[in-house]
Number of protein chains: 2
Amino acid sequence: MEVTGHTRGPASIRDVAAAAGVSYQTVSRVINAHPSVRPATRARVLAAVEELGFRRSATALALARGRSRTVTVLTADTTHYGYASILRGVEEAARAAAYSVGVGVLESADEAAVAAEVRRAADVGGGLVVIAYDPAGVRALEAVPAGLPVVGVVETPASPPADDRPWVWTDDREAAYRATRHLLSLGHETVHYVAIPSDTRPASARIAGRRQALTEADAPQPPPVQGGWGPAGGYAAGLKLAGDPSVTAILCGNDDLALGVLRALHEAGRPVPGEVSVAGFDDAPHSAYLTPSLTTVRLDFTGLGRAAFALLHGALEESAPITPHPVSAPELVVRESSGRPGPTDGG
Amino acid sequence: MEVTGHTRGPASIRDVAAAAGVSYQTVSRVINAHPSVRPATRARVLAAVEELGFRRSATALALARGRSRTVTVLTADTTHYGYASILRGVEEAARAAAYSVGVGVLESADEAAVAAEVRRAADVGGGLVVIAYDPAGVRALEAVPAGLPVVGVVETPASPPADDRPWVWTDDREAAYRATRHLLSLGHETVHYVAIPSDTRPASARIAGRRQALTEADAPQPPPVQGGWGPAGGYAAGLKLAGDPSVTAILCGNDDLALGVLRALHEAGRPVPGEVSVAGFDDAPHSAYLTPSLTTVRLDFTGLGRAAFALLHGALEESAPITPHPVSAPELVVRESSGRPGPTDGG
DNA sequence: CTGAAAGCGCTTACAG
DNA sequence: CTGAAAGCGCTTACAG
């Protein structure tokens with residue numbers, strides 16, 4: 001029964017129709033699970049689909065429907081832990097819904113460059129998830145033309161999420177509040193902060209959370225020092241702070257920053273946690289294995305990504321299941337890098 | 001002159017034609033830079049394109065041409081440094097060539113699951129880059145149907161790269177050779193190895209490189225210990241090795257593994273590099289900031305990703321510029337974690 | 001140098 | 001329940 005001699009190229013809806021002895025519209029109905037098809041007809045079509053290895057063309061579908069089953073993630077970075085984890089969450093959820101996922105990187109925060117990247121992403125025809133943790137991302141979110149389905153992943157919602165442009169976020173305010181309180185409760189006089197770029201915005205939730213904790217404790221409010229995203233920036237910031245003997249507790253915008261700070265303190269001869277306590281954000285995979293292991297606040301980036309997709313999916317398809325998409329609350333993970341202050345408290 | 005009252009939706013080729021007073025075929029010629037168009041006509045069309053904000057539909061283009069300007073990266077992971085960097089390299093090159101990039105994650109190495117993921121990626125209609133560093137990726141590369149443009153990113157080429165299915169790789173054999181030699185040259189009797197999953201394959205280039213260095217030095221050849229991809233696996237492997245006092249040098253399949261090993265040695269009370277030397281692969285951003293900072297072999301993953309795209313681009317388009325795509329050779333980076341052996345050599 | 005026709009593989013009304 | 005028509009926005013021959 002070796003009759004697999006198709007003409008050429010993948011089988012189309014018409015090939016299937018011919019094989020099943022029906023019109024191609026009927027094939028369309030079957031593959032779209034349209035109710036009004038006689039069971040016998042359906043069976044014949046399905047058999048032909050199977051036999052020819054038919055796969056419906058996503059491109060043709062997109063052209064005919066005017067919208068493609070694609071979500072493209074716009075982000076300034078794909079390698080740092082938080083960004084990468086959000087991307088992963090989106091991909092997981094998209095895959096489960098049989099969506100394709102694209103990624104566009106915002107190489108620069110330059111207005112024209114960002115606009116170009118947004119256009120390119122829009123050309124793909126699906127929905128957008130914009131990671132707006134940094135200037136480039138924030139700008140991209142603003143540049144998305146009205147009518148294009150988009151959900152933003154933001155640090156702090158700038159205003160109540162509009163129905164047509166929803167946002168997802170983690171409770172960074174609470175996260176910073178808890179971490180600061182933890183450090184304060186250990187007996188530190190105040191808590192310094194090494195900021196990631198997103199914290200630059202006046203409305204930063206983390207800055208606000210830390211401020212609140214500091215205020216409640218009547219502690220001094222030293223200004224945040226900029227650290228960037230990676231270990232190198234943390235190292236530079238750490239060197240600065242290490243020179244000030246009054247500094248005994250440092251909270252960092254992410255674990256990579258904290259790693260750099262740890263190194264700077266080591267070089268400056270200031271033991272952690274003996275003299276200085278350090279905490280980060282994210283709970284990246286390696287943080288538990290550093291020496292000293294890092295106290296941090298675990299943030300559910302993957303859940304955030306999944307939630308973003310769920311929202312987009314709902315906007316894109318009426319019939320999309322309104323799946324619950326819980327984003328776990330930030331969780332303080334206390335490890336070796338934080339302890340009571342004191343010149344020689346080490347045990 | 002506020003005449004921006006288009007009917008609805010984005011402008012199509014016909015809208016532009018109407019505005020310019022030509023047929024839509026002429027518009028097609030202009031946007032495709034076809035030579036035979038009168039300059040004056042071209043100018044009129046271009047003006048209309050500008051005025052209407054026309055963007056050619058990628059979907060329609062793909063349907064008409066039978067191929068889309070997309071590259072989708074198939075990978076078992078998007079978060080680990082090596083994988084993420086390759087993805088970034090592909091994205092950079094693809095963006096420069098005005099290609100879209102998609103990503104498909106191989107959640108399981110299960111044959112059926114991998115095949116389904118490959119089909120999904122194929123449905124998108126462009127080319128594929130498959131990261132085949134692990135069983136899932138290797139299987140995916142095999143499952144790609146003939147005729148679909150694909151380039152594999154592999155640890156070791158299994159055979160001379162076929163013309164229709166090229167491969168890119170870093171010289172892992174050389175990298176492992178150099179790292180092992182470095183450790184040996186410090187005076188260690190032999191070098192243990194904590195492997196990443198890709199090293200499981202009998203043809204592993206790294207295993208071969210290390211073996212060669214060991215053989216040349218007439219050193220014992222302890223079998224590799226499996227570590228997985230992350231710090232947790234490195235930690236477990238490190239605990240095992242730490243218990244053996246004869247172990248004084250450990251090479252790890254990647255920097256995350258090395259980080260876990262470092263932690264295990266610390267807990268076991270074996271100072272690095274005083275008693276044991278450790279080296280990794282990759283030179284991840286944080287490796288220079290660990291304490292001790294990590295000796296490692298820098299691998300050009302981003303260049304690898306760019307090279308993979310260049311190859312694919314060439315296969316997809318006759319006219320694609322044959323851009324040189326150099327992948328830097330592995331580079332040994334000596335830091336604090338490696339030193340001369342000896343119970344108490346610490347300075 | 002430019003226009004009219006057919007087709008890429010589907011879907012969405014419209015008939016029957 | 002099923003088929004014939006028109007159209008999604010382009011490109012690719014074919015004419016002129």
Side-chain angles (χ1 to χ4, degrees), chain A residues 6-46 48-49 52-70 122-126 317-319, chain B residues 6-46 48-49 52-70 122-126 317-319:
Chain A
H6 324 133
T7 40
R8 63 180 59 203
S12 82
I13 210 182
R14 300 184 208 253
D15 298 327
V16 174
V22 298
S23 74
Y24 62 85
Q25 289 87 344
T26 296
V27 175
S28 174
R29 285 193 190 90
V30 171
I31 61 185
N32 286 297
H34 189 98
S36 59
V37 175
R38 205 150 38 114
T41 311
R42 174 187 311 280
R44 250 182 313 144
V45 170
L46 254 21
V49 163
L52 300 183
F54 168 79
R55 306 221 91 215
R56 170 224 252 154
S57 157
T59 306
L61 181 66
L63 184 59
R65 284 229 243 258
R67 179 151 289 172
S68 83
R69 290 174 71 84
T70 301
D123 284 348
V124 174
E317 300 178 36
E318 300 272 316
S319 61
Chain B
H6 325 133
T7 40
R8 62 181 60 205
S12 82
I13 209 182
R14 301 183 205 254
D15 298 327
V16 174
V22 297
S23 75
Y24 60 85
Q25 288 87 345
T26 296
V27 176
S28 174
R29 285 193 191 90
V30 171
I31 61 184
N32 286 297
H34 190 98
S36 59
V37 175
R38 204 151 39 116
T41 311
R42 175 188 311 280
R44 249 183 314 143
V45 170
L46 255 19
V49 163
L52 300 182
F54 168 78
R55 305 221 91 213
R56 169 224 253 154
S57 158
T59 306
L61 181 66
L63 184 59
R65 281 229 244 259
R67 181 151 287 174
S68 84
R69 290 174 72 83
T70 301
D123 284 348
V124 173
E317 298 179 37
E318 300 272 317
S319 61

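Order of the sequence lines sets the chain letters (A, B, ...), proteins ahead of strands, with each chain counted from 1. Not measured: the values here are computed from a predicted model.
- The shortest side-chain heavy-atom distance between A:Asn32 and A:Arg56 falls under the 4.5 Å cut-off.
- Within 4.0 Å of B:Ser12, counting heavy atoms only, lie sugar-phosphate atoms of the nucleic acid but no base atom.
- Rounding to whole angstrom units, CG of residue B:Leu52 and P of D:dG9 are separated by 14 Å.
- Side-chain contact between B:Val30 and B:Arg44 is absent, with no heavy-atom pair separated by less than 4.5 Å.
- The structure places OG1 of B:Thr26 at 11.0 Å from CD1 of B:Ile31, a figure rounded to the nearest 0.5 Å.
- Atom CZ of A:Arg69 and atom P of C:dG9 are 21 Å apart (whole Å).
- Between A:Arg42 and A:Val45, every side-chain heavy-atom pair lies at or beyond the 4.5 Å cut-off.
- Within the 4.0 angstrom heavy-atom criterion, only backbone atoms of the sugar-phosphate kind lie near A:Leu61; the bases stay farther away.
- Rounded to whole Å, atom C1' of D:dC1 lies 9 Å from atom NE2 of A:His34.
- B:His34 NE2 to B:Gln25 CD: the interatomic distance, rounded to the nearest 0.5 Å, is 12.5 Å.
- Summary of the strand contacts: B:Tyr24 and B:Arg38 both lie near DNA chain C, and taking for each the nucleotide with the nearest heavy atom, the more 5' one is attributed to B:Arg38.
- Across all strands shown, B:Thr41 has heavy atoms under 4.0 Å from sugar-phosphate atoms exclusively, and none from any base.
- Backbone-only contact: B:Arg56 has heavy atoms under 4.0 Å from sugar-phosphate atoms and none from a base.
- Here B:Arg65 reaches the OP1 or OP2 of D:dT12: one of its side-chain N or O atoms lies under 4.0 Å away.
- In this structure, B:Asp15 places its CG atom 13 Å from C1' of D:dC8, rounding to the nearest Å.
- With rounding to whole Å, B:Phe54 atom CZ is found 10 Å from D:dG9 atom P.
- Heavy atoms of B:Arg55 sit under 4.0 angstrom from primed sugar atoms or phosphate atoms, though from no base atom.
- Of the candidate nucleotides D:dT11, C:dT2, D:dC8, D:dT11 has the atom nearest to the side chain of B:Asn32.
- When each of D:dC8, C:dC8, C:dA5 is scored by its nearest atom to the side-chain atoms of A:Leu63, the top-ranked nucleotide is D:dC8.
- The distance between atom CZ of B:Arg44 and atom P of C:dC1, rounded to the nearest whole Å, is 14 Å.
- Contacts of A:Thr26 with the nucleic acid, taken as non-hydrogen atoms under 4.0 Å apart, involve only primed sugar atoms and P, OP1 or OP2.
- Closest to the A:Val37 side chain, of the nucleotides C:dG9, D:dT2, D:dA13, is D:dT2.
- To the nearest 0.5 Å, atoms OG (B:Ser68) and CG (B:Leu63) are separated by 11.0 Å.
- The base-pairing partner of C:dG16, taking Watson-Crick or G-U wobble contacts with both distances under 3.5 Å, is D:dC1.
- C:dT12 atom P lies 11 Å from atom CD1 of A:Ile31, rounded to whole Å.
- Between B:Ile13 and A:Pro35, the residue anchored closer to the 5' end of DNA chain D is A:Pro35, taking for each the nucleotide with the nearest heavy atom.
- Within the 4.0 Å cut-off from OP1 or OP2 of D:dT2, not a single side-chain nitrogen or oxygen of A:Ser23 is found.
- The CZ atom of B:Arg29 sits 11 Å away from the P atom of C:dC1 (whole-angstrom rounding).
- Among the nucleotides D:dA4, D:dA13, C:dG9, the one closest to the side chain of A:Gln25 is D:dA4.
- Here B:Ser28 reaches the OP1 or OP2 of D:dT11: one of its side-chain N or O atoms lies under 4.0 Å away.
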